[in-house]
Amino acid sequence: MSIDLGHDPVVSELARHTAEFVRSVVVPEEEAFAGVAARGGDAMRARLQQAAKDAGLFAPHVPAQFGGHGLDMRGRAPVFEAAGYSLFGPLALNIAAPDEGNMHMLEAIATAEQKERYLRPLATGEVRSCFAMTEPAPGAGSDPTALTTRAAKEPGGWRIDGRKWFITGADGAAYAICMARTSGEPGHRGGATMFLVDADNPGMKIVRHVETLDESLYGGHCEMLFDGCLVPHDAVLGEVDKGFDYAQVRLGPARTTHCMRWLGIAARAQDIAVARAADRRLFGSRLAELGMVQAMIADNEIDIAASRGLVLQACWELDQGRSGAQSTAVAKTFTAEAVWRVVDRSLQICGSLGISGDVLLSRFLREVRPFRIYDGPSETHRWAIARRVVRRHLDNHASAS
């Protein structure tokens with residue numbers, strides 16, 4: 001079956017409109033607050049999201065019944081990239097992590113009642129959410145099966161106990177989707193369950209904000225404590241002991257949409273660098289006429305184009321109902337490293353301007369570096385990619401003999 005890399009005219013128009021909106025409305029806000037979300041506060045979030053609603057661009061990924069455009073994964077690619085041209089663009093369109101991934105998962109596995117209570121207000125921007133899976137060592141991280149947080153049945157529901165950290169967006173979130181072990185021991189590949197925990201639950205507390213390189217996401221990256229956290233039976237998201245399976249529903253698409261958004265920043269960095277190279281004169285020539293600068297500009301274009309192709313391949317597989325495990329891992333690993341290269345080269349082309357606060361390239365560099373760790377570090381993905389390749393070889397060899 002062939003892969004069509006073109007986009008529906010409706011999607012192309014939505015991407016074009018998004019690009020115009022981000023440049024005219026969002027970028028000035030981003031520059032005013034130097035790309036640091038906390039400086040703008042919730043008032044900025046509300047202002048940008050209302051502007052996106054007024055422009056008809058809000059929540060392009062959610063179904064129409066929840067106020068969105070219902071784009072499939074391929075349709076999201078150009079729109080999310082256009083939004084990602086600014087660090088605050090995904091926030092404005094309500095497609096930022098972790099909310100975008102949580103919406104996708106809630107749509108897929110939540111009950112009708114849970115969708116009304118948790119998905120609808122999230123999709124409309126009334127609330128934010130967080131996804132509480134990662135734990136301090138030796139708990140769940142790159143290996144989610146190391147999960148140590150426990151949930152035990154109590155009269156009327158469940159009791160959750162454990163510590164989480166690096167939970168993006170936790171401060172100010174209306175609820176958490178908490179992954180806890182309901183059977184088995186750390187290292188077992190089953191026995192996890194997802195729970196919906198409201199922020200006002202006295203058993204769930206934010207311990208601290210973890211100081212990090214990146215500062216463009218609302219609610220920070222927090223350490224959280226679940227201490228005798230009681231939730232009712234209807235707080236279970238999906239089925240008991242199926243949490244690791246449900247995590248895959250979220251993680252594959254979430255890796256891919258992360259790539260889309262960061263490709264927007266790569267394109268922005270390239271635009272800044274090209275404009276500088278075309279204007280700046282050194283040694284009797286424009287920077288853009290120097291071979292070494294031309295090579296960096298060309299390599300940026302190659303990295304961006306290759307990343308887009310890999311993202312579309314992964315999107316096509318996900319839209320076909322395939323797992324996309326290999327294609328999303330390949331796309332995530334390559335794109336995370338390619339975006340870093342693009343921003344780094346762009347900063348180098350701009351020289352002293354690049355490391356100054358007069359353009360946001362140094363902020364972009366700090367923001368994109370953690371992407372090589374978030375959603376699985378490159379090393380973990382390479383291990384998984386290689387393991388699948390070897391397994392395929394062994395399976396083919398066995399079937400041939």
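A side-chain donor-acceptor contact under 3.5 Å links Asp214 and Thr212. Using a 3.5 Å distance cut-off with no hydrogens or angles, the side chains of Thr149 and Glu135 do pair a donor with an acceptor. A donor-acceptor contact closer than 3.5 angstrom links the side chains of Asp54 and Gln50.
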> Where do Asp271 and Arg268 land on the salt bridge (charged side-chain N to carboxylate O under 4.0 Å, His left out) test, with the steps shown first?
Replying inline: CA-CA 5 Å; Asp271 285 350; Arg268 172 94 168 278; over 6 Å; no
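Glu337 has no carboxylate O lying under 4.0 Å from a charged side-chain N of Arg372, or vice versa, which leaves the two without a salt bridge. Comment: Asp198 engages Arg117 in a salt bridge, judged by a side-chain N to carboxylate O separation of less than 4.0 angstrom. Using a cutoff of 4.0 Å between basic side-chain nitrogens and carboxylate oxygens, Glu13 and Arg16 are scored as salt-bridged. The residues Asp319 and Arg74 are annotated as not salt-bridged, no charged nitrogen and carboxylate oxygen being separated by less than 4.0 angstrom. A salt bridge is absent between Arg392 and Asp395: the closest approach of a Lys/Arg side-chain nitrogen to an acidic carboxylate oxygen does not fall below 4.0 angstrom. Between Arg363 and Glu367, at least one side-chain N (NZ, or NE/NH1/NH2) sits under 4.0 Å from a carboxylate O, which counts as a salt bridge.
For the pair Arg189 and Phe244, the cation-pi criterion (under 6.0 Å, within 45° of the ring axis) is not fulfilled.
Ring-plane geometry between Tyr118 and Tyr175 is classed as perpendicular, the angle between the planes exceeding 60 degrees on a 0 to 90 degree scale with a lower cut at 30. Relative ring orientation between Trp158 and His233 is described as perpendicular, the plane-to-plane angle rising above 60° on a 0-90° scale split at 30° and 60°. Note: Phe80 and His61 have perpendicular aromatic rings, judged against thresholds of 30 and 60 degrees for the angle between ring planes.
Note that OG1 of Thr111 and CG of Leu237 are 8.5 Å apart. Values are rounded to the nearest 0.5 Å. For the atom pair CZ of Phe131 and CG of Asp99, the computed distance is 13.0 Å after rounding to the nearest 0.5 Å. For the atom pair CZ (Arg255) and CG (Asp375), the distance works out to 6.5 Å, reported to the nearest 0.5 Å. Interatomic distance, CG of Leu122 versus CD of Glu107, reported as 12.0 Å (0.5 Å rounding). Put simply, OG1 on Thr328 and CD on Glu317 are 8.5 Å apart, with the number rounded to the nearest 0.5 Å.
Atom CH2 of Trp165 has 12 or fewer neighbouring heavy atoms from other residues, nucleotides or ligands inside a 6.0 Å radius. For Glu211, the CD atom sits in a loose shell: 12 or fewer heavy atoms of surrounding residues, nucleotides or ligands are nearer than 6.0 Å.
The shortest side-chain heavy-atom distance between Val79 and Arg76 does not fall under the 4.5 Å cut-off.
Residues passing the salt bridge (Lys or Arg N to Asp or Glu O under 4.0 Å) test with Glu185, sequence neighbours excluded: Arg150.
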